Protein chains: 2
Amino acid sequence: MRNYDVVIIGGGPAGVQSAISARNSNPDKSIALIRKEGIALIPCGIPYTMHSLNSVDEDILPDALLQKNNIDMIHCDVIGKDNKILRLKDGNQIEFDKLVLAAGSIPIKPPIPGIDMDNIYVLSKDYEYLQKMREEISTARNIAIVGGGYVGVELADELVKKNINVTLIEKLPGLLPTSVDQEFGSIVQTELENQGVEIITGVGVEGFSKDGKNIKVELENGNSKIVDHVIISIGFKPDMRLAREFGLEIDEEYGVIVDEYMKTSDDDIFAAGDCVAKRSYLSGDFRRIMLASTAMSQGRLAGSNLFSINVLKVFHGTLGSFATKIGNTAVGATGLTETRAKAMKIKYCTGVSESVDRHPAKLPNASKMRIKLMFAKNSHILLGAQVSGGDSVGECINMLSVMIQKNMTDMEIDTLQIGTHPLLTPSPLAYGVINATVDAIMKWYN
Amino acid sequence: MRNYDVVIIGGGPAGVQSAISARNSNPDKSIALIRKEGIALIPCGIPYTMHSLNSVDEDILPDALLQKNNIDMIHCDVIGKDNKILRLKDGNQIEFDKLVLAAGSIPIKPPIPGIDMDNIYVLSKDYEYLQKMREEISTARNIAIVGGGYVGVELADELVKKNINVTLIEKLPGLLPTSVDQEFGSIVQTELENQGVEIITGVGVEGFSKDGKNIKVELENGNSKIVDHVIISIGFKPDMRLAREFGLEIDEEYGVIVDEYMKTSDDDIFAAGDCVAKRSYLSGDFRRIMLASTAMSQGRLAGSNLFSINVLKVFHGTLGSFATKIGNTAVGATGLTETRAKAMKIKYCTGVSESVDRHPAKLPNASKMRIKLMFAKNSHILLGAQVSGGDSVGECINMLSVMIQKNMTDMEIDTLQIGTHPLLTPSPLAYGVINATVDAIMKWYN
């Protein structure tokens, strides 16, 4: 029986980050990472394995990072635990002092009649499954994607570039419905429609049936759509199999319960990433946020604090900052949306701006940039931000994430010092984050 | 004689921003902007009028913003003042209640023998001068640029793209010598050299002489270079003509003295932008920082606070955040460089990271990203940052500027929540700002 000071279960971003942070904080401890998959993928790269990347292999999460940090890698499935000894499927046992559970998430397979037919895929993070799917859809003519969250819209964007006729179906009234307000969802919709994607929102799928060699997708409104392949991408749920096996406290819907430092109900077991129940920034209620960047942030905290609190957590709740790119337009959000703020009955004031992300606007690669900020009405702190524009949206969202995490107010942003450059940013006079702030200030002071 | 509540002198970013902010804070006041130029340019776009833009006209700062805000525009030169009445060159007089002086800066013309010869230009912000220069260098074969600051390197990048043989001469030992540490200056140097620019550093110019139809550029080390045109771009100095005329307190080298709210030694006169003496972030000493983004930040403060303090200034000193792009690589910096920190005898610790700004790295448009952060050794706050990489460097520098302005510490960045996306940012595991912070933490804790 092997024995390690630290054992991590799971080879995704949370697991790898926990391992690296554990190593950084504990140069002399023995650390092992156990994962059941032979090959781990970069999860957010998965949609891009369908077209932008030449193969699923180009999306492999390299093991070099673990080797470089002197972390042993064990390929096996964990099936149970007796005290501090893990039982592996191959009969081996591993003893640990501290354990990090980073079991990840599993795709949600909705109970739609006919879902088990051939040529209907439930998008997963499994290397072999994705290889098979990529191969099989290579000859597809008509594909329906069920689910208009970010993975669904990214998949639609990829598949339409393969000259496939794509129909994207979302049950809620718009795209990215839980991530952005609908003026930003409609930007994504326009980008996809301009490329020829057919978009059906506000209607669920009732069933799948055979139609010769094809699949008939039956919609709740009585309409139907004939396609040759269907990809289901309606989200993931926390993988709680081992948490249950280990007797950890869990929330049936949201995942493993952890404290501020990612410690579970068992003092020697931490958890991080998709399998963990996350509390939302500000409201404090559970939210299903499954982002690699969030997983990383949790993994860092778990890995650093296994034996003692080395890194104080200073920001409470999960922001869920994200960005994506559809067609030529990037869209991102951080903090609360207006929809969420209304639901939470927060008094807020919004500010908006439109600019061009180069100056003068006639420079090559200039994109229109739209920003919406939301401030707390009396406290004046930034609550949330949504941005669309060129590729700089990714880091712009991160700047806004920092502002939220540091409780920046409208007046602080009004006096902010930033840098601008013709080839890289909007002009200083048109800098959107500041101008949207001024718009909010004008609305409530004048 | 016309009479205005607010008069702004100067049509650059500081003037225009002062006018707009004055309007935002004072919907009912009468506001006029006086500028001597018939046409105002976007200053940071000037290098790009030589090639990337089709003409100097494409770099015009539009007057529409002023019209939209109901700001009268007066084209004339101000020559003096009697109490609160301005004397214009055309004989007219303008009475003001509050005045903002945004007189800008003028190019430094070094006392080098032969500098007044034909085909030697001192780069200015003047529309007609730039049109003439663009026209005259259209047939150039060999150009020497004197000055390797950001305008000089941007000009070199533009001219080499016109298939001109470019020699860039910088007196100090490397490029961007006062803006970045030399591991970043050398990135710019490599980008230019890869395009064929000849770079001479550590040597000043001693004189210019005729060589047939050409110009002989004589260097301090005895070498010389034969070219057909020379562009001098060694910086700008504050335009203090009117400040002297008005009897305002000035620093002879750095510009008009203002208080925290941009008020000069005269209670009714404010100043903003290049003509103002700026105190450096942290050290508090005067630094010659002339950036449109800094001018905008000052203009906003001046315009908002003319009649009463509406907007408290919460961050003291000038950061001087900037970014530029040379060849395919963007480079930016904010806060202190290591060189400055050493000169100030600050105890610091640096952290570095290298990553790729897309993930997986095989996605199109992936660029190598290098980050260097500097933290105060005992206080642990972020003091400065330098970044090179793809176009996202612009907004990444702004995120780092926010971090400095909010006194973020190493541990706060370690627990930061950010968003990542394959097509827009490095992978969460490789996110450079966090990994450079961890590198610094590891250096001083382990």
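Residue numbering restarts at 1 for every chain, and letters A, B, ... go by the order of the sequence lines. Note that the structure is predicted; figures quoted are calculated from it, not measured.
- Remark: B:Ile397 CD1 to A:Thr425 OG1 distance equals 11.5 Å, nearest 0.5 Å.
- In this structure, CG on A:Asp414 lies 11.0 Å from CG on B:Leu312, to the nearest 0.5 angstrom.
- Each salt bridge (charged side-chain N to carboxylate O under 4.0 Å, His left out) pair with one or both residues in residues 43-59 of chain A, not counting sequence neighbours, would appear here, but there are none.
- Around atom NZ of A:Lys68, no more than 12 heavy atoms belonging to other residues, nucleotides or ligands sit under 6.0 Å away.
- Chain B forms the most heavy-atom pairs under 4.5 Å with one residue out of A:Asp391, A:Ile404, A:Thr420, and that residue is A:Asp391.
- Residues A:Pro422 and B:Ile42 have side chains not in contact (no heavy-atom distance under 4.5 Å, counting atoms from C-beta outward).
- Expressed to the nearest 0.5 Å, how far SG of A:Cys44 lies from CG of B:Leu424 amounts to 10.5 Å.
- In this structure, the side chains of A:Leu429 and B:Leu61 come closer than 4.5 Å at one or more pairs of heavy atoms.
- Judged by distance alone, the side chain of A:Ser293 and the main-chain N or O of B:Ile418 form a donor-acceptor pair under 3.5 Å.
- Considering every non-hydrogen atom in both A:Gln417 and B:Leu319, the closest pair reads OE1-N, 2.9 Å.
- Contact of B:Ile413 with chain A is not made at all, since no heavy-atom distance falls under 4.5 Å.
- At a 4.5 Å heavy-atom cutoff, the contact between B:Leu363 and chain A is made by backbone and side-chain atoms alike.
- Residue A:Leu400 does not touch chain B at all, counting heavy-atom pairs closer than 4.5 Å.
- Neither the backbone nor the side chain of B:Val393 comes within less than 4.5 Å of any heavy atom in chain A.
- Judged by distance alone, the side chain of A:Glu412 and the main-chain N or O of B:Lys406 form no donor-acceptor pair under 3.5 Å.
- B:Asn305 does not touch chain A: none of its heavy atoms, backbone or side chain, sits under 4.5 Å away.
- With a 4.5 angstrom heavy-atom cutoff, A:Glu154 touches chain B only via side-chain atoms.
- At a 4.5 Å heavy-atom cutoff, the contact between B:Thr318 and chain A is made by backbone and side-chain atoms alike.
- For B:Ser427, no part lies near chain A; criterion is any non-hydrogen pair under 4.5 Å.
- The greatest number of non-hydrogen atom pairs below 4.5 Å with chain A, out of B:Leu301, B:Leu65, B:Asp357, B:Ile434, is found for B:Ile434.
- With rounding to the nearest 0.5 Å, the separation of CG in B:Asn24 from CD1 in A:Ile441 is 9.0 Å.
- Checking each of A:Tyr48, A:Tyr150, A:Phe322 against B:His421 for a ring-ring contact (aromatic ring centres under 6.0 Å, His included) leaves exactly one that passes, namely A:Tyr48.
- Contact count against chain B (heavy-atom pairs under 4.5 Å) is highest for A:Met411 among A:Met403, A:Lys313, A:Met411.
- In terms of modelled atom types and a separation under 3.5 Å, the side chain of B:Gln405 and the main chain of A:Leu416 share no donor-acceptor contact.
- Of the listed residues (A:Leu291, A:Val402, A:Thr324), the one with the most heavy-atom contacts under 4.5 Å to chain B is A:Thr324.
- Heavy-atom pairs under 4.5 Å with chain B peak, among A:Ala323, A:Cys396, A:Ala361, at A:Ala323.
- Residues B:Val433 and A:Asn398 fail the side-chain proximity criterion, which asks for heavy atoms closer than 4.5 Å.
- Heavy-atom pairs under 4.5 Å with chain A peak, among B:Asn407, B:Leu423, B:Val438, B:Thr334, at B:Leu423.
- Proximity to chain A (any heavy atom under 4.5 Å) is restricted, for B:Met296, to the side chain, taken from C-beta onward.
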